Amino acid sequence: MQILVISDIHANLAALDQVLHEAGSFDVIWCLGDAVGYGPEPNGCVARLRALQPEYWLAGNHDWAALGKLDISDFNPMARLAALWTREQLTPENSDFLRTLPARVKVSDQFTLAHGSPRHPIWEYVLDAQTAAVNFAHFDTSYCLVGHTHVPAIYRQQNGRVAVPAYTLGEPFELENGRLIVNPGGVGQPRDGDPRASYILLDTETLTATYHRVEYAIQETQVRMSEAGLPSRLITRLNYGW
Ligand SMILES: [Zn+2]
């Protein structure tokens with residue numbers, strides 16, 4: 001089975017549509033959360049994903065923020081503004097739907113999915129090997145897929161150590177050999193210095209994950225953000241991937 005794994009769409013419909021277009025044929029979608037927040041088309045993104053019926057679809061901190069499910073006083077001012085704007089925009093139907101999403105799911109003996117981390121699914125960022133090392137004790141499957149950082153990454157636990165193996169874009173990475181925490185990167189607001197939308201295709205027969213980056217019409221999203229009156233720094237950052 002070919003699984004399209006996406007995360008952190010952040011209401012960026014141009015990016016989502018380009019990913020769906022370039023991913024080609026896949027069997028199901030696993031979405032690791034933050035469909036909304038930051039970007040200009042929360043309803044458009046939720047509607048697009050709902051139509052595609054992801055097999056698994058998690059809630060992230062920005063989804064919860066837009067639903068009023070968490071305290072946003074910790075958010076930076078721009079994120080807070082975007083969360084409040086998103087809250088106003090979401091239709092009651094889409095809000096109700098987002099409210100039903102889990103923050104963590106055990107798919108099988110092989111895969112656990114969490115938005116942030118298996119330890120703290122909504123909030124924790126797995127950005128380094130130390131944080132990954134602690135988190136390996138918090139799931140009992142071979143692999144855990146996480147989003148939230150908007151930075152593509154693989155952490156491998158092997159012989160009691162955590163390593164960060166290299167991978168090549170477009171080339172299948174073999175999942176076997178140790179337990180892994182895998183982050184597909186962000187679709188709608190990449191933060192690794194590469195503005196292209198990021199995703200992985202997971203092949204459960206060959207047990208491989210292939211990272212992809214795609215260019216999309218960033219300007220299209222930026223124009224819509226301006227029209228919506230979203231903060232200029234959020235608009236600019238899309239050009240740079242930070
Ligand atoms: Zn996010």
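Just so we're clear, the structure is a prediction, and the values are computed from it rather than from any experiment. Whatever order the structure lists ligands and atoms in, that order sets their numbers, starting from 1.
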(message) Side-chain heavy atoms under 4.5 Å apart, restricted to Ile/Leu/Val/Met/Phe/Trp/Tyr: what other residues fall into the cluster of Leu98, or is it alone?
(response) Leu4, Ile6, Ile9, Leu13, Leu16, Val19, Leu20, Phe26, Ile29, Val36, Val46, Leu49, Leu52, Trp57, Leu67, Leu90, Phe97, Leu101, Val187, Tyr199, Leu201, Val214
(request) Report the residues that fulfil side chain to side chain contact (heavy atoms under 4.5 Å, CB included) with Asn177, sequence neighbours left out, ordered by chain and then residue number. (result) Arg156, Gln158
(message) What protein N/O/S atoms are there under 2.8 Å from the Zn ion (ligand 1), waters excluded?
(response) Asp8 OD1, His10 NE2, Asp34 OD2, His150 NE2
(request) Tell me who clusters with Tyr240, hydrophobic residues only, linked when side chains sit under 4.5 Å apart either directly or through other members. (result) Trp242
(message) Using the ring centroid of each side chain, check whether His138 and His120 are separated by less than 6.0 Å.
(response) no
(message) Is it true that Asn183 and Thr149 share a donor-acceptor pair across their side chains at a distance under 3.5 Å?
(response) yes
(message) Tyr167 and ring pair (Phe, Tyr, Trp, His ring centres under 6.0 Å): which single residue from Tyr155, Tyr211, Phe173 fits?
(response) Tyr211
